[in-house]
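Predicted model only: the values in this text are computed from it and were never measured. Both ligands and their constituent atoms are indexed starting at 1 by order of listing.
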Amino acid sequence: MTILYCARWVLPISSSSIEDGAIAIEGNLIADVGTRASLVGKYPDATVRNFPDAAILPGLINAHSHLELTARRGFLESEESDFMGWLKKLTVARLELMTPDDRYVSAAWGATEAARAGITALADASDGAYESIKALSDVGLRGIVFQESFGPDPRLADDNFAKLIDKVGRLAELETPLVKVGVSPHAPYTVCGRQLELISEFALTEDLPVMMHAAESDAEVMLLREGQGTFAEALRKRGIKWHTPGLSTIQYLKRHCVLQTKPLLAHCISVDNADIETLRESGARIAHCPKSNAKLGHGRAPFSNFLNRGIAVGLGSDSVASNNTCDILEEARFATLMARSEIGGQRMLTATEALHAATAGGARAIGLAGYTGELRAGLQADFAAVSLAGPHQLPSYDPINTLIFASSGRDVVLTVVAGREVFAAGQVTTIDEERLAARMKEIAVKLGI
Ligand SMILES: [Zn+2]
């Protein structure tokens, strides 16, 4: 059976935009892309779905999320004066108060928000990966869930590594054609050098994707360069020995074999030209998270430079505790404005480049290039339809400019993953949204919000 999805615009990303276009879907794959007239002629028996005021584009890719922390939205706003305090509050709330079912509900609510915003694939870092994988699968999204590993104390590196192997072993049974497992040594300040090496070797042997937070804050730079600052103090207080490497984060990750895994690195704010060259040479990918970086006061990653050097860059929301929404169209607008706001910047980043990062670039960044991120025959049928008819969007002279400069995830009217409509007619079709909303309210009461 063929279904034709027709729209005012079809934006394949890998080829020119098509006015009055259509895509033909057969099963979980894109069978054809063209003008409406040509496809209606070619597939006369197809079921036709019309979106006359919308643009159909590849499903948006969220290159960095923490769906399990969705219940923390609005929890961490202004009272924490430093990143360390922020992380502490988050960690306590995460570990001590939430049951496995709370984490599942939190992740499923996050996945629901993503589906409503036209996001079809996520690279999700999770301490409770078991629940996050189930949540993504139940909502029907594509993704890689990276089981996080923590442990700054070198004396515990082998134990922590053994725990990670055990967890990853149990996750394997949950993998589906849509949802895969990866590993994530959390960050340079929470995982010691030896543990980074053990995890990297394991990932290379088992062919597992790796993601890590990198070069995110000044506190991280101070720890790695000088052995000072809030992270250094916290390690000292816990009696953990720290040998200051005197390196940037990127060179430190190279020394400890992480870059050999071609990791997906979230943030990459504190990077100089030598670091960017090292990233390019190693084949590392970047999740650019401009809103989270701004909200936490961490600064701005050199997005244009990454693109100029041909590095694979996707856009990430990070957790909604630091964002506060999981909305990649909004992230793309913010990324463009932030890049343009640099005085004396090299050039004006275009809406086309931002939309590329939100789709094909994101797919490349999370290792799904050739499966999703573009509209062309043979790829997975992952796409979204975004209304262009809102008062905040009209008049629209160019669909890509309207999408990036005047639209958000709230304008999405249809989300399809592997041929399945997961969001249509104002409803997520795969789960009971009302029940989830009620459970989220209960969790919020328990967490004291
Ligand atoms: Zn993160």
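- Residues I61 and I328 fail the side-chain proximity criterion, which asks for heavy atoms closer than 4.5 Å.
- Side-chain contact check for I56 versus W9: every heavy-atom pair is 4.5 Å or farther apart.
- Between H64 and H267, the gap from one ring centroid to the other is short of 6.0 Å.
- Salt bridge present: E433 and R116 bring a charged side-chain N and a carboxylate O closer than 4.0 Å.
- Here R439 pairs with D101 in a salt bridge; the nearest charged N to carboxylate O distance falls below 4.0 Å.
- The pair K241-D153 does not meet the salt-bridge criterion, since no charged nitrogen lies less than 4.0 angstrom from a carboxylate oxygen.
- Protein N/O/S atoms closer than 2.8 Å to the Zn ion (ligand 1), listed by chain and residue number, are H64 NE2, H66 NE2, H213 NE2, D318 OD1.
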